[in-house]
Amino acid sequence: MSREEHQNNLSYVDTALAAFNEIMANSRKDMMENLNRAHKGELFVLHYLMVCNREVLPSELSVALQASTARISALLGALEKKRQIVRDIDKSNRRNILVTITEEGRNRAEAEMQEMKSRMVRIFTAMGEADTTEFIRLTRLFSELMQKYSPQEDGMPSG
């Protein structure tokens, strides 16, 4: 690659980084509102429990949601007060607590997922088929490249 091509690539990359940072900065407020709306993780817990459709250990939730056990404990306490989950002692190992979603929790999770799906339908309809297809293709590519160039546990990129 010539020096001029290298300069053009850097210029393109710098422009892309600046545009990406601008997009993220503009959407941060919306993302924060959505996170607050999700009650700081409650919906993620409910969704996980609903998809698993079985009793789950809090430690499993911690791993699945990449959250500390203290954060999971706080979430479970809030959800239990709202009667959206139940925590019971495991009869086969009394040292374990098992978490189960209630009907009320299932109803909340289903309603939120339906609302999110409706929003996505409106967005993709507004974008049109061609732009939606291109968005999905580029998002998939971006995700694959993020995984490829993410540092591994040994500190080396995976690509």
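Along the sequence shown, the residues carry numbers beginning at 1. All values derive from a computational prediction rather than experimental measurement.
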field: Residues, nucleotides or ligands: over 12 heavy atoms within 6.0 Å of Ile89 CD1
entry: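 Not buried by this count: 12 neighbours or fewer within 6.0 Å.
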
- prompt: Taking atom CZ of Arg54 as the centre, does the number of heavy atoms from other residues, nucleotides or ligands within less than 6.0 Å exceed 12?
  reply: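 Result for CZ/Arg54: enclosed.
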
Is [Y] reachable from [X] through a run of I, L, V, M, F, W or Y residues, each pair having side-chain heavy atoms under 4.5 Å apart?
| X | Y | value |
| --- | --- | --- |
| Tyr149 | Leu141 | yes |
| Leu57 | Leu61 | no |
| Leu76 | Leu65 | yes |
| Leu49 | Val63 | no |

Within-4.5 Å side-chain heavy-atom neighbours: [X] and [Y]:
| X | Y | result |
| --- | --- | --- |
| Leu46 | Met50 | no |
| Thr139 | Ile136 | no |
| Thr100 | Ile85 | no |
| Lys91 | Leu98 | no |
| Pro58 | Val99 | yes |
| Leu79 | Arg108 | yes |

Find the distance between [atom1] ([X]) and [atom2] ([Y]) and round it off to the nearest 0.5 Å.
| X | Y | atom1 | atom2 | value |
| --- | --- | --- | --- | --- |
| Leu75 | Gln84 | CG | CD | 11.5 Å |
| Ile97 | Glu55 | CD1 | CD | 11.0 Å |
| Ser150 | Leu145 | OG | CG | 10.0 Å |
| Tyr12 | Leu17 | OH | CG | 10.0 Å |

query: Under the criterion side-chain contact (heavy atoms from CB on, under 4.5 Å), which of Met116, Glu115, Gln114, Met120 is the partner of Ser118?
result: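 Of all the options given, the one that passes is Gln114.
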
message: Quick check: closest heavy atoms across Ser68 and Ser62, and the distance to 0.1 Å?
response: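 In this case the closest contact between Ser68 and Ser62 is C-OG, 3.7 Å.
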
message: Looking at every heavy atom in both Val56 and Cys52, which two are closest together, and how far apart are they?
response: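 What the structure gives for the nearest pair is CG2-CB, 4.2 Å.
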
query: Counting N and O atoms only, with roles assigned by atom type, does the side chain of Thr102 sit under 3.5 Å from a partner on the main chain of Arg83, one being a donor and the other an acceptor?
result: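 Such a contact is found between Thr102 side chain and Arg83 backbone.
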
field: Donor-acceptor contact present, side-chain Thr125 to main-chain Val121, <3.5 Å
entry: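 Checking the backbone N and O of Val121 against the side chain of Thr125, a donor-acceptor pair under 3.5 Å is found.
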
